[in-house]
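Have a look at the structure below before the remarks.
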Amino acid sequence: MPELPEVETVCRTLDPLLRGKTISAFWLGWHRTLERPTLDLFNTAVVGATIESVSRRAKLILITLSNCGAVTIHLRMTGELLFRPTSDADRNAEREPYLRAVFSFSDGSELLFYDTRKFGKIAYRAPNELAALDAGYGSEPLDPAFTSERLASILRAHRRQTKPLLLDQSVIAGLGNIYVDEALFRSRIHPLQLSSEIDDAHIRALHAAIVEILSTALALHGTTLRDYRSGLGEPGQNQSRLLVYGLKPGTPCPVCGSPLERLVIGQRGSIFCPNCQPFPGPNDTPRR
């Protein structure tokens with residue numbers, strides 16, 4: 001599932017391309033892709049509106065419109081947004097079976113939404129609904145306000161296993177399985193350690209790891225393991241920077257050589273090194 005760097009890359013790619021365009025039509029190929037409202041009400045709200053900006057909140061893409069409402073798009077597992085400067089001519093015939101929605105613009109260009117597994121969602125949010133939507137998400141980890149002290153406050157306000165807490169979008173927005181596994185590995189924190197029991201040194205290491213990993217991934221336009229592409233169809237380049245995510249259990253740890261292990265935590269697979277990330281050890285110290 002695309003995470004913060006991937007969704008942010010899509011937004012940064014699409015914003016200069018879509019800003020100022022007027023939506024002339026909307027085509028829906030798979031009815032469940034439209035989360036809300038009905039298709040008729042969606043068309044009434046968006047057709048004829050001009051795009052003001054394309055931005056991100058957590059893993060959600062927000063296309064703000066001239067009527068002060070917004071189209072929200074959640075890519076989920078396999079969703080892909082692709083801008084085409086002219087309609088039909090540049091479409092990939094092999095991808096057409098997975099085309100779920102099309103935004104057509106008055107200048108003849110299009111925004112195509114492909115989704116192989118059909119989990120992605122498109123919705124329209126009226127102006128009076130946007131504040132509640134924003135409030136449902138937690139701190140943005142690349143915001144300057146997300147300091148080590150802020151992370152400590154978050155972790156100690158909960159007595160939960162650390163990995164599920166970091167994945168909770170209402171607590172910290174935008175983190176997913178890839179970057180949480182990487183951050184926990186680099187900060188030497190076991191994914192099952194209780195968040196309220198992490199010491200100051202490990203919290204500082206975790207904060208630094210989260211910011212560094214996300215910033216690097218964003219600079220490299222995200223991580224492409226399978227489906228993710230930018231708004232221009234380009235894959236990310238961050239996959240070569242991953243240390244543990246995607247490795248099989250038994251693979252030697254890239255730091256100490258011990259066999260990596262895998263746990264299923266909250267229905268998510270977690271890869272970690274039992275030597276570098278003990279649960280928790282009295283002599284354990286953070287390593288960068």
Side-chain angles (χ1 to χ4, degrees), residues 1-12 14-15 18-19 32-38 41-42 44-46 49-77 79 81 113 119-180 183 195-196 198 203 206-207 210-211 213-215 217-218 222 266-268:
M1 181 183 293
E3 303 178 25
L4 186 156
E6 292 75 43
V7 178
E8 182 67 25
T9 297
V10 171
C11 292
R12 292 184 182 186
L14 292 177
D15 182 64
L18 300 185
R19 191 184 288 258
R32 292 186 182 176
T33 295
L34 185 61
E35 182 177 24
R36 54 177 291 182
T38 64
L41 290 175
F42 185 88
T44 298
V46 307
T50 299
I51 294 176
E52 300 286 341
S53 65
V54 182
S55 60
R56 177 194 59 81
R57 180 70 168 106
K59 301 176 187 178
L60 198 66
I61 296 167
L62 291 93
I63 302 177
T64 304
L65 303 177
S66 54
N67 61 14
C68 298
V71 172
T72 60
I73 301 175
H74 202 313
L75 300 175
R76 298 289 173 89
M77 293 183 67
L81 282 172
F113 181 66
F119 293 146
K121 297 295 181 184
I122 296 174
Y124 173 76
R125 312 279 176 167
N128 61 357
E129 298 174 310
L130 294 176
L133 178 69
D134 179 70
Y137 292 111
S139 298
E140 287 282 348
L142 290 182
D143 190 298
F146 184 75
T147 61
S148 178
E149 292 76 17
R150 174 59 182 152
L151 177 59
S153 175
I154 291 170
L155 295 175
R156 288 169 179 164
H158 301 81
R159 187 174 175 81
R160 293 174 58 184
Q161 294 171 340
T162 300
K163 178 165 182 179
L165 179 64
L166 294 177
L167 292 174
D168 187 336
Q169 298 301 293
S170 69
V171 177
I172 300 177
L175 293 177
N177 222 29
I178 296 174
Y179 301 112
V180 169
S195 61
S196 57
I198 302 175
I203 291 175
L206 178 60
H207 176 266
I210 290 171
V211 173
I213 289 166
L214 293 179
S215 298
L218 184 55
Q267 300 181 325
R268 301 287 190 91

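The distance from atom CG of Leu167 to atom CD of Gln267, rounded to the nearest 0.5 Å, is 12.0 Å. To the nearest 0.5 Å, atom CZ of residue Arg36 and atom CD1 of residue Ile122 are 14.0 Å apart. Taken from CD1 in Ile63 to CG in Leu14, the straight-line distance is 7.0 Å, to the nearest 0.5 Å. Rounding to the nearest 0.5 Å gives a distance of 9.5 Å between CG of Leu34 and CG of Leu41. To the nearest 0.5 Å, the span separating OG1 on Thr9 from CZ on Arg12 amounts to 7.0 Å. In this structure, CD in Glu8 is found 8.5 Å from OG in Ser55, a value given to the nearest 0.5 Å.
Counting only distance, with no hydrogens or angles, the side chain of Arg57 and the backbone of Tyr137 share a donor-acceptor pair below 3.5 Å. A distance-only check finds a donor-acceptor pair linking the side chain of Arg156 to the backbone of Ile198 [under 3.5 Å]. Here the side chain of Asp15 pairs no donor or acceptor atom with the backbone of Ser53 at under 3.5 angstrom. Listed for the Gln169 side chain is no donor-acceptor partner under 3.5 Å among the backbone atoms of Ala58. Side chain of Thr64 to main chain of Glu52: no donor-acceptor pair is present (N/O by atom type, distance under 3.5 Å, no hydrogens or angles). In terms of modelled atom types and a separation under 3.5 Å, the side chain of Asn67 and the main chain of Ala45 share a donor-acceptor contact.
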**OP:** Check step by step if side-chain contact (heavy atoms from CB on, under 4.5 Å) holds for Leu60 and Val7.
**Re:** CA-CA 7 Å; Leu60 198 66; Val7 178; over 6 Å; no

Original post:
Between Leu65 and Thr50, does a side-chain contact (heavy atoms from CB on, under 4.5 Å) hold up when you go through it step by step?
Top reply: CA-CA 6 Å; Leu65 303 177; Thr50 299; over 6 Å; no

**OP:** Output, in order, the C-alpha distance, side-chain angles, deciding distance and verdict of salt bridge (Lys or Arg N to Asp or Glu O under 4.0 Å) for Arg56 and Glu6.
**Re:** CA-CA 10 Å; Arg56 177 194 59 81; Glu6 292 75 43; over 6 Å; no

Original post:
Going through the checks in order, is the side-chain contact (heavy atoms from CB on, under 4.5 Å) test met by Asp168 and Arg160?
Top reply: CA-CA 11 Å; Asp168 187 336; Arg160 293 174 58 184; 3.0 Å; yes

Subject >> Worked verdict on Val10 versus Ile73 for side-chain contact (heavy atoms from CB on, under 4.5 Å) >> reply: CA-CA 11 Å; Val10 171; Ile73 301 175; over 6 Å; no

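Between Glu35 and Ala123 the shortest heavy-atom distance is OE1-CB, 4.0 Å. Nearest heavy atom pair, residue Gly120 against residue Phe113, reads CA-CZ, 4.0 Å. Here the closest heavy-atom approach between residue Pro141 and residue Val211 is recorded as O-CG2, 3.9 Å. When all heavy atoms are compared, the tightest approach of Ala173 to Leu4 is O-CD1, 3.9 Å. Of all non-hydrogen atoms in Leu166 and Leu155, the two that sit nearest each other are CD2-CD2, 4.4 Å. Nearest approach of Leu175 to Glu3, heavy atoms of both residues: C-OE1, 4.0 Å.
Between Phe119 and His74, a ring centre-to-centre spacing not shorter than 6.0 Å is recorded.
Looking at heavy atoms from C-beta onward, Ile172 lies in side-chain contact with Leu151 at the 4.5 angstrom threshold. Side-chain contact between Ile154 and Phe146 is present, with heavy atoms from C-beta onward closer than 4.5 Å.
Heavy atoms from other residues, nucleotides or ligands lying under 6.0 Å from CZ of Arg32 number 12 at most.
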